[in-house]
Amino acid sequence: MTPTDLRRQTLSRPLYAWAKSVLPEMSATEAEAIEAGDVWWDAELFTGAPDWDALLDVPPATLTAEEQAFLDGPVETLCGMLDDWKINWEDMDLSDEVWAFIKRGKFLGMIIPKAYGGLEFSPYAHSEVVRKISSRSVTAAVTVMVPNSLGPGELLMKFGTEAQRERWLPRLANGQDIPAFGLTSPEAGSDAASMTDEGVVCEGEYQGRKVLGMRLSWRKRYITLGPIATVLGLAFKLRDPDGLLGGEEDLGITVALIPTDTPGVEIGRRHIPAMQAFLNGPNEGHDVFLPLDAILGGPERIGQGWMMLNAALAAGRGISLPSLSAAGAALAARTTGAYARVRQQFRIPIGEFEGVQERLARIAANAYLLDAARRLTCSGLALGHHPSVISAIMKHGATERMRTAANDAMDVHAGKAVIDGPNNYLGGFYRSVPVGITVEGANILTRSLIVFGQGAIRAHPFILKEMGALADEDVNRGLATFDAVFWTHVVHSLRTARRAFVSAWSDGAFGAAPASSPARRHYRRMGRYAAAFALASDMALLTMGGSLKRQEMLSARFGDILSELYLMSAALKRWEDEGQQAADRPLLDYVMADGFLTIERRLKEILDNFPNRPAAWLLRVLTLPFGVIRSGPRDTTVRACARLIMEPSPTRDRLTENVYIGDEAVGRLETAFGLVVDTQPLHDAMKRARIRDRDDALAKGVLTAADVERLKAADDAVAAVVAVDDFAPDELARVRPAPEGEFTSEAASFITDRSVINGFEDGPKTPH
């Protein structure tokens with residue numbers, strides 16, 4: 001007997017039997033979610049020894065000349081056509097002119113190949129378009145981004161038959177058809193497996209002929225573009241009670257393409273999501289009959305709906321919502337930095353107060369981090385990856401930081417951002433935050449169940465292989481595979497433990513780092529925490545096994561560490577790609593210091609609550625021997641970051657690139673900001689002369705007449721920016737009550753122009 005055979009029989013066999021007995025049963029939906037997509041940099045982080053050269057070798061996200069021209073041309077034009085106040089508070093919709101421009105410009109077909117009439121843009125171009133529009137109007141951005149993310153278009157390209165692509169993609173690309181995707185139902189939100197929407201295989205009549213098909217009934221809600229959709233991508237459970245397909249009765253979650261003019265389809269009235277006017281609403285189907293070739297991908301794709309949805313979530317979670325979030329943070333940085341510079345209290349800019357600087361610095365750092373992560377994720381997608389774990393990290397991390405940036409911006413602006421009106425450039429962004437937090441996987445469950453729950457299986461170098469061996473019906477083959485993988489895993493874990501111990505006690509002093517990078521200290525500490533994360537993950541999986549997925553608070557903390565490691569990797573990558581800009585270094589230092597503090601806190605919380613106490617004590621010695629030693633960004637770093645968005649500079653421009661300025665509220669703020677900065681030397685001259693009165697300064701020759709006019713122009717510009725909107729009572733009443741209950745022509749006009757056109761009435765809608 002060879003040593004391998006001896007080990008397999010004496011050690012591996014009992015371990016194999018034990019592991020097989022404690023392996024939790026995995027539901028079909030869980031298995032499909034884990035199998036969907038692939039892994040990328042998240043897998044490197046799970047090794048505990050990330051290859052920094054591999055990260056830096058990833059090609060930076062760039063635009064082609066055609067994509068840049070689209071951004072500079074049609075996207076800029078579209079932004080100029082939008083009036084967010086009018087859209088959200090008066091019309092409750094985009095104007096007909098805007099809708100026509102969106103369709104004509106193929107904004108709804110950015111991801112569709114040119115062969116089918118689309119623009120065939122890269123993930124980064126798609127992201128840049130959404131980001132810029134988002135900085136102008138969330139409603140317009142959502143309208144554009146949904147058909148290009150989770151929807152029939154992407155699903156058709158991935159899974160549709162050629163006949164389905166030929167029929168639908170050209171019409172989706174040019175806006176002849178408006179798509180919507182129906183997943184969420186009243187009974188099932190995050191738990192899609194509990195949906196009650198059902199299809200039954202049966203024979204029926206379709207377009208004058210008898211065919212084998214399915215009869216569908218459903219209730220869906222929260223469906224973006226639903227009120228004007230002409231084609232629904234519908235998720236439902238398909239059954240075959242009469243065995244017409246010759247297999248099992250329950251066939252699983254399936255997706256079909258359903259024209260909304262099909263008999264039995266009912267488009268409901270509109271939802272209003274957080275006072276954002278993008279079209280969203282419920283729909284229902286009652287005894288809707290369609291042939292089996294309406295199933296996305298044809299009958300051979302029956303039961304593959306959940307896999308399809310998870311595979312397609314990379315765009316929504318990895319591109320659309322992070323792009324919107326990055327736009328919000330960049331808009332907050334651009335406007336809040338400028339406002340803190342022009343707004344004075346106690347005769348000094350409010351940005352000089354250190355309490356305000358704390359908020360400004362966090363806004364700036366979040367803007368830097370979000371755009372870094374957005375770019376890195378787009379690079380991964382462009383390489384052909386579909387990293388489901390990273391997409392979940394991006395969805396959760398980006399929208400949560402957007403929420404922080406929105407709150408910080410509101411706090412600094414104070415009353416300016418509280419009073420609504422056309423001059424409030426933050427109100428719509430602030431109100432839209434809960435939409436991003438909630439859609440495409442609620443953040444609470446994304447954090448507590450998905451990021452680490454899927455990552456620990458999908459991105460771990462050995463766990464998925466071990467689970468495959470344990471599930472193998474051929475016991476001998478499974479044992480052989482388990483034996484080979486398990487002992488490789490053991491050796492890997494011992495090496496990780498040694499690495500974690502050395503780096504924890506030396507604070508990463510001997511870790512790997514790119515030799516040419518001035519940020520070597522950050523790379524080494526990242527390596528320290530990656531090793532600690534990998535070791536703690538292995539210990540948790542070893543001691544808790546399948547019960548770990550029920551330890552949601554522990555899982556969430558592990559997920560937070562993985563998320564921070566990915567986001568900080570993106571920040572380092574951005575700093576290197578942009579040429580190691582010394583002026584941007586405070587932003588990188590802030591991001592890294594804040595991330596290290598978060599990681600240590602989460603690691604301590606894991607160790608404090610680890611069920612197996614001896615394992616926790618051992619982990620503490622190996623990973624966190626001195627407790628939480630990080631203290632977050634230093635005050636000097638905070639001041640430097642705040643200053644970067646309070647003064648004109650290339651850093652400020654890089655941080656807020658492609659934020660739409662225009663000539664309205666944000667444009668007026670930019671004008672005032674420029675005038676205040678330009679006239680600062682005049683204020684300094686008066687201060688040195690100890691003169692406050694401008695006339696006195698003019699009389700004494702400290703200022704010229706032209707100088708006084710420049711100061712007055714700056715004052716007038718600041719006054720216009722600080723001013724807030726007010727309304728007369730009749731402006732606030734959309735419909736004034738008619739005397740003696742009469743139904744006036746004015747009221748009739750309102751109902752016709754607002755309710756019917758915008759879809760508040762019952763019944764089917766006429767698409768734009």
Side-chain angles (χ1 to χ4, degrees), residues 331-361 363-364 408-427 583 635-636 638-653 656 661-727:
L331 176 67
R334 187 88 185 183
T335 57
T336 312
Y339 189 78
R341 182 70 176 80
V342 306
R343 179 73 162 122
Q344 292 195 359
Q345 294 284 273
F346 308 105
R347 302 181 68 86
I348 61 173
I350 61 173
E352 297 297 333
F353 294 99
E354 291 193 349
V356 173
Q357 288 177 347
E358 286 185 304
R359 303 304 180 92
L360 294 175
I363 291 171
D408 287 340
M410 292 289 289
D411 285 352
V412 174
H413 279 78
K416 168 67 180 176
V418 169
I419 303 302
D420 273 315
N423 287 311
N424 187 339
Y425 41 76
L426 288 178
D635 290 352
T636 52
V638 169
R639 295 188 193 100
C641 289
R643 187 67 57 192
L644 287 173
I645 59 173
M646 286 178 59
E647 302 290 347
S649 69
T651 296
R652 182 173 185 263
D653 292 338
T656 61
I661 303 300
D663 57 4
E664 296 178 354
V666 176
R668 288 192 291 273
L669 173 61
E670 282 289 304
T671 298
F673 176 68
L675 291 172
V676 167
V677 171
D678 288 344
T679 56
Q680 186 60 48
L682 303 180
H683 287 287
D684 293 341
M686 292 175 63
K687 186 175 181 179
R688 286 193 299 271
R690 298 184 178 180
I691 299 173
R692 288 189 175 183
D693 184 82
R694 293 173 188 175
D695 291 336
D696 190 18
L698 178 62
K700 293 181 178 179
V702 176
L703 298 179
T704 66
D707 292 337
V708 173
E709 287 302 313
R710 288 172 61 200
L711 289 170
K712 184 178 184 307
D715 288 346
D716 290 344
V718 170
V721 165
V722 173
V724 297
D725 296 282
D726 50 51
F727 301 90

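Everything quoted here is computed from the prediction, not taken from an experiment.
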- Task: Could you tell me the separation between the CZ atom of R710 and the OG1 atom of T704, rounded to the nearest 0.5 Å?
- Result: 8.0 Å
- Query: Are any of the side-chain heavy atoms of T336 and D408 separated by less than 4.5 Å?
  - Reply: no
- Where the side chain of T671 meets the backbone of G667, is there a donor-acceptor pair that is under 3.5 Å apart? yes
- Item | N-O pairing of K700 and D695 below 4.0 Å | no
- Can you see which heavy atom on V356 is nearest to which on A340, and at what distance? CG1-CB, 4.5 Å
- Query: Taking atom CD1 of I645 and atom CZ of F673, what is their separation to the nearest 0.5 Å?
  - Reply: 9.5 Å
- So, does K416 use its side chain to make a donor-acceptor pair with the main chain of A723 at under 3.5 Å? yes
- Does NZ or CZ of R343 lie under 6.0 Å from the centre of the six-membered ring of F353, at an angle within 45° of the ring axis? no
- Query: Just how far is it from atom CG of L703 to atom CD of E709, taken to the nearest 0.5 Å?
  - Reply: 11.5 Å
- Is the backbone N or O of I419 less than 3.5 Å from a side-chain atom of N424, with the two atoms forming a donor-acceptor pair by type? yes
- Validation row: D715, R694 side chains within 4.5 angstrom (heavy atoms): yes
Output a table of donor-acceptor pairs, distance under 3.5 Å, between side-chain atoms of residues 680-689 and any protein atom two or more places apart or on a different chain; print 'none' if there are none.
{"residue": "Q680", "atom": "OE1", "partner": "R341", "partner atom": "NH2", "Å": "3.1"}
{"residue": "Q680", "atom": "NE2", "partner": "D684", "partner atom": "OD1", "Å": "2.9"}

- Query: What pair of heavy atoms forms the shortest contact from A361 to C641, and how long is it?
  - Reply: CB-CB, 3.8 Å
- Message: To check you understand the geometry: which heavy-atom pair defines the closest contact between L360 and A642, and what is its length?
- Response: CB-CB, 3.8 Å
- Message: Determine whether V412 and I350 satisfy the following criterion, side chain to side chain contact (heavy atoms under 4.5 Å, CB included), listing intermediate values before the conclusion.
- Response: CA-CA 8 Å; V412 174; I350 61 173; 4.1 Å; yes
- Kindly compute the distance separating CD1 (I363) from CG (L331), expressed to the nearest 0.5 Å. 10.5 Å
- Message: How close do A409 and A332 get, counting heavy atoms only, and between which atoms?
- Response: CB-CB, 3.9 Å
- Item | Nearest heavy atoms of L426 and A417, plus distance in Å | CD1-CB, 4.1 Å
- Spacing of CZ belonging to R334 relative to CD belonging to E670, to within rounding of 0.5 Å: 4.0 Å
- Rounded to the nearest 0.5 angstrom, the OG-CZ distance for S649 and R643 is 11.5 Å
- Task: List the steps, then state whether salt bridge (charged side-chain N to carboxylate O under 4.0 Å, His left out) holds for E352 with R639.
- Result: CA-CA 9 Å; E352 297 297 333; R639 295 188 193 100; over 6 Å; no
- Task: Of all the heavy-atom pairs spanning T679 and A714, show the shortest one and how long it is.
- Result: OG1-CB, 4.0 Å
- Message: I'd like to know whether CZ of F727 has more than 12 heavy-atom contacts from other residues, nucleotides or ligands below 6.0 angstrom.
- Response: yes
- In terms of ring plane angle, is the pair Y339 and H413 parallel, tilted or perpendicular, where the classes change at 30° and 60°? parallel
- The salt bridge (Lys or Arg N to Asp or Glu O under 4.0 Å) partners of D725 (sequence neighbours excluded) come to none
